[in-house]
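To start, the structure under review is shown below, and the notes come after it.
These numbers were taken from a predicted model, which means no experiment stands behind them. Keep in mind that the numbers below use all heavy atoms, side chains included, and drop hydrogens, waters and symmetry copies.
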Amino acid sequence: MEKAVNEGVHGEVRDEAGGVWSGSWVAERLGVELVGEDRLTDLLGLALRRNPKRAHLLVSNVLGKHVPQSPSVVYGHGVELGRRVRELLGAEEAGRAVVLGYAETATGLGHSVADGLGLAPYLHSTRRPVAGLAAAGGFEEAHSHATSHLLLPEDPALLTGDGPLVLVDDEFSTGNTVLNTVRDLHGRYPRRRYVVVALVDMRSAEDAGRLEEFAREIGARVDLVAAASGTVRLPEWVLEKGQELVARYESESAAEGRTSAVAPSWPVAQFPAPPNSGVAVEADQEASSLGARGTARPAPTGPHPDDNRIDLHWPADLPDGARHGFTPAHRERLEAALPGMAARIADALPADARRVHILGFEELMYAPLRLAHELERTAGVEVRYSTTTRSPVLAVDDPGYAIRTRLAFPAHDDPADGPGERYAYNVAGAGFDAVVAVVDSAGDTPALHAPDGLLARLAAHTPRVLLAVIPSYAPERPSMLPEPLRGPAFSSYAPEEVGWLLQDLSDVTLEAPTEEREEAIQSGGAHYAESLPVEYQPSERYQELFHAALDDSAARIAQATGVVTETVLAELPHSRLRSSGGTPIPRPVLVSLARAGTPVGILMRRWAQHRHGLDLPHYAVSIVRGRGIDANALRWLAAHHDPRDVVFVDGWTGKGAITRELAQALEEFEKSDGITGFSPEIAVLADPGSCVRTYGTREDFLIPSACLNSTVSGLISRTVLRADLVGPNDFHGAKFYRELTGTDVSVTFLDAVSARFPEVEDAACAQAKELLAADRSPSWEGWAGVERICAEYGIHDVNLVKPGVGETTRVLLRRVPWKILARAGAGSDLDHVRLLAEQRGVPVEEAADLPYTCVGLIHPKYTRGATGADGKAVSV
């Protein structure tokens with residue numbers, strides 16, 4: 001049933017119960033209208049906020065954020081939603097579910113939903129980064145005043161299961177936040193089912209259709225559970241008019257000298273418990289005993305609030321919330337401790353206290369809520385609950401407005417995004433005999449106790465202010481990351497040539513048949529980095545081709561090595577070394593992307609030694625498409641070197657996927673760790689895709705190190721990232737194939753190329769000088785070429801198109817190839833490709849206007865049994 005709020009007596013907007021609706025003030029002035037179920041005006045009020053994206057604010061009466069409410073009502077609504085989710089999923093699926101809530105508003109609601117669901121672990125997003133803890137994901141909340149959310153589970157396996165993911169927010173307005181979350185998480189940890197939970201679903205019909213379309217796009221089921229639904233009708237000019245109203249009222253308040261904390265004559269709101277919640281709520285029979293409008297209670301005459309601490313005896317090592325995950329075992333410990341902690345609060349209250357407010361702290365919503373709920377249940381006093389917030393909202397003392405008073409105070413938890421103002425709404429002047437502020441220890445700072453801090457602001461409006469501090473939970477992390485692995489214990493390279501920022505998984509069986517891997521990858525059942533292909537063992541004929549190719553191309557590779565190294569040395573912006581004459585000499589830290597970049601990084605290091613006498617540090621790190629670069633490796637590098645000195649190195653570019661991956665990963669790393677200075681630029685030997693600006697050549701020619709796997713890369717596998725093997729404090733993994741020592745040509749390749757340095761030195765330096773003076777901006781023509789190939793061959797995923805000689809070779813060695821496209825007239829650079837294609841029964845087709853020497857196409861609809869090399873076995 002749809003309804004709009006009705007016009008009442010004297011033009012006031014009233015709800016159907018006859019009372020003044022707390023959204024009427026905004027509705028009358030801005031023409032905002034709530035349309036939907038009868039319960040909407042019980043659940044929601046309206047206010048205005050300082051926000052350039054959305055002027056109005058839907059204010060929940062049952063969330064416990066802006067409006068003080070009975071904790072039984074707040075907790076009951078969340079638990080009831082959780083029970084509905086359990087009924088929707090059934091017992092088996094509910095037992096495998098994970099609940100994810102949104103910071104800061106829905107952290108407590110998500111906790112309560114998890115309680116109602118049963119034995120579900122819970123995690124909420126956070127805006128508080130933790131140094132040394134890698135983010136398992138992140139997303140943006142477009143309309144919010146503070147948009148960036150981080151997911152920081154202590155146990156990354158919390159997000160890697162295939163059970164339902166239940167996403168909880170206070171309101172579902174457009175669906176953008178949920179879409180952003182699912183898009184990020186589904187790309188990392190795909191699953192078959194999602195359930196979206198909200199107190200109110202206020203989407204338009206168009207937005208509802210977008211969610212359904214998105215579910216079809218990712219091939220997953222997405223259900224929605226809400227306490228009530230409807231829409232908000234907004235005039236076109238609402239944003240501009242709302243901003244004008246906010247500016248005018250704030251200007252009038254400043255001119256009249258009013259503070260932001262006023263004391264109206266209004267009782268604390270009362271609302272019924274949710275249906276079937278099993279939570280009984282007493283009616284409020286007592287009117288608030290407040291002074292005249294705009295007055296505040298005198299400051300307390302007792303001890304300073306700093307002395308009014310309550311020692312809760314919070315259980316050791318029990319998380320204060322779900323910022324890093326909250327398990328059923330954690331919940332059991334909290335339930336056991338709640339009676340004792342609530343009793344300590346009751347003992348600390350004044351003997352004559354009748355109305356008590358428990359005030360939580362931003363993301364810290366659940367623990368204060370449960371304490372308030374237990375106090376309400378056992379102490380015989382009237383208890384109300386709300387929390388402080390970052391959200392700036394206009395306060396208007398009018399019965400038809402949701403935010404009657406506002407306390408403003410400085411942030412007191414040293415936030416990562418810098419200092420700012422924080423708020424407590426509808427607490428000032430509400431007639432509370434005592435306010436218990438509950439904060440975590442990260443928020444127990446001098447700013448909390450300052451003359452303009454939260455405790456002092458509260459003390460002006462209530463006779464007694466108490467403080468309970470919950471220890472901030474810090475996930476256990478090793479005090480330091482391990483030192484890099486080096487040969488001969490790990491890899492066949494000399495120890496000074498490269499340090500591997502990896503963990504050794506040599507004793508773990510990770511190899512899977514190529515066909516099984518391909519099916520799992522394309523079906524979404526596994527990520528390519530979770531297993532390894534069986535190492536290709538080259539035939540005698542193929543080994544002969546490798547040595548012939550090395551003889552033919554060693555000088556060309558040597559010259560490209562010199563060009564890219566000279567470019568790097570010339571462009572590094574600063575230095576810590578000086579020559580004997582005082583001239584700055586750049587000293588880059590080479591960081592190759594394992595494993596294809598590692599031989600190139602060693603060659604660049606050898607060139608710098610040969611040409612300039614420099615002994616450059618060189619490390620190898622893991623980067624995984626779709627998962628980003630190893631954040632722990634970045635932390636190790638930042639702890640041992642200036643990030644501005646780091647130069648990332650790779651072998652070649654294809655379509656530029658890794659270039660984009662690195663840029664995105666470094667951006668996320670800066671947000672999560674606050675470490676800046678790493679440049680997203682990659683230096684490569686060959687850039688046929690025109691994806692980078694630092695390269696040795698843009699020709700697409702055979703680099704012999706692409707011909708083989710580990711036996712030309714120090715006997716190291718490609719890198720592995722799997723949650724059960726790589727923990728949050730571990731480097732990514734890789735294997736050392738010691739058993740292949742007899743066929744290893746890693747050092748042979750390096751020595752053959754570096755032996756040609758003297759003969760190409762002058763040409764390389766001259767070419768580098770020309771490039772430094774030229775426009776080297778990437779054109780991304782390779783990516784455009786890949787998109788044309790996708791369209792021409794009906795391939796739905798650009799990741800199935802592998803351009804360039806190196807990438808084509810990888811397709812033939814590691815994946816299930818469909819066909820090879822070769823540029824007409826391509827010569828000996830493709831001899832090894834033709835041989836591999838012949839051995840695997842893959843057709844090689846000549847193509848005109850190909851931007852690369854060759855392109856490898858992975859089977860676009862592969863399942864086991866669809867092995868026809870001609871592509872006819874599968875409709876494409």
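Not one N or O on the side chain of T565 forms a donor-acceptor pair closer than 3.5 Å with the backbone of A608. Distance alone, capped at 3.5 Å, is enough to place a donor-acceptor pair between the R595 side chain and the I716 backbone. Although no hydrogens or angles enter the test, the distance criterion places no donor-acceptor pair under 3.5 Å between the side chain of H324 and the main chain of E154. Judged by distance alone, the side chain of T567 and the main-chain N or O of T694 form no donor-acceptor pair under 3.5 Å. The closest donor-acceptor contact from the side chain of T598 to the backbone of S592 lies at 3.5 Å or more, if one exists at all. N632 places a side-chain N or O within 3.5 Å of a backbone atom of D730 that can act as its donor or acceptor partner. No donor-acceptor pair under 3.5 Å is formed between the side chain of T126 and the backbone N or O of L150. Under the 3.5 Å distance criterion, the side-chain polar atoms of R776 are matched with a main-chain donor or acceptor of L771.
Counting heavy-atom neighbours within 6.0 Å of D762 CG, excluding the residue itself, gives a total of 12 or less. Applying the 6.0 Å contact sphere to CG of D751 captures more than 12 heavy atoms from other residues, nucleotides or ligands. Surrounding CG of D797 are more than 12 heavy atoms belonging to other residues, nucleotides or ligands, all under 6.0 Å away.
Contact annotation: the side chain of V564 approaches that of M604 to within less than 4.5 Å [non-hydrogen atoms, C-beta and beyond]. Here the side chains of L569 and L614 are in contact, with some heavy-atom distance below 4.5 Å. In this structure the side chain of L501 reaches within 4.5 angstrom of the side chain of L637, judged on heavy atoms. For the pair I675 and E670, the minimum side-chain heavy-atom distance is 4.5 Å or more. Counting only heavy atoms from C-beta outward, the side chains of Y852 and T808 never approach each other to under 4.5 Å. L634 places a side-chain heavy atom less than 4.5 Å from the side chain of L666. A heavy-atom distance below 4.5 Å is not found between the side chains of P484 and W500. Considering only heavy atoms from C-beta on, L502 stays 4.5 Å or farther from V621 through its side chain.
Taking the six-membered ring for Trp and the full ring otherwise, the centers of H641 and Y619 sit less than 6.0 Å from each other.
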**OP:** Take L123 and L159, measure what side chain to side chain contact (heavy atoms under 4.5 Å, CB included) needs, and give me the verdict at the end.
**Re:** CA-CA 9 Å; L123 174 73; L159 292 172; 4.1 Å; yes

**OP:** Apply side chain to side chain contact (heavy atoms under 4.5 Å, CB included) to W652 and L685, showing your working.
**Re:** CA-CA 6 Å; W652 56 85; L685 196 65; over 6 Å; no

**OP:** Decide salt bridge (charged side-chain N to carboxylate O under 4.0 Å, His left out) for E759 and R756; before the verdict, give the C-alpha distance in whole Å, the side-chain angles of both, and the deciding distance to 0.1 Å.
**Re:** CA-CA 6 Å; E759 67 185 76; R756 310 299 284 272; 2.9 Å; yes

**OP:** Just do the side chain to side chain contact (heavy atoms under 4.5 Å, CB included) check on S717 and S710 with the steps written out, would you?
**Re:** CA-CA 6 Å; S717 73; S710 66; 5.8 Å; no

Original post:
Can you check salt bridge (charged side-chain N to carboxylate O under 4.0 Å, His left out) on D504 and R738, steps first, answer last?
Top reply: CA-CA 12 Å; D504 189 354; R738 298 172 179 83; 3.7 Å; yes

Original post:
Given the rule in the side chain to side chain contact (heavy atoms under 4.5 Å, CB included) test, do T561 and V600 qualify, once you have shown the distances and angles that lead to the verdict?
Top reply: CA-CA 8 Å; T561 299; V600 177; 5.8 Å; no

**OP:** Using the salt bridge (charged side-chain N to carboxylate O under 4.0 Å, His left out) rule, take R486 and E496 through it: C-alpha gap first, then chi angles, then the decisive distance, then the call.
**Re:** CA-CA 8 Å; R486 296 184 182 273; E496 67 276 8; over 6 Å; no

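Here R606 pairs with E497 in a salt bridge; the nearest charged N to carboxylate O distance falls below 4.0 Å. One finds a salt bridge joining E571 and R693 here, because a Lys/Arg side-chain nitrogen approaches an Asp/Glu carboxylate oxygen to under 4.0 Å. Classification of E661 and R627 as a salt-bridged pair fails, no side-chain N sitting under 4.0 Å from a carboxylate O. Residues D507 and K735 are not paired through a salt bridge, judged by the lack of any N-O separation under 4.0 Å between the basic side chain and the carboxylate.
Aromatic ring pairs are classed by plane angle as parallel below 30°, tilted from 30° to 60° and perpendicular above 60°; the pair F669 and F678 is perpendicular.
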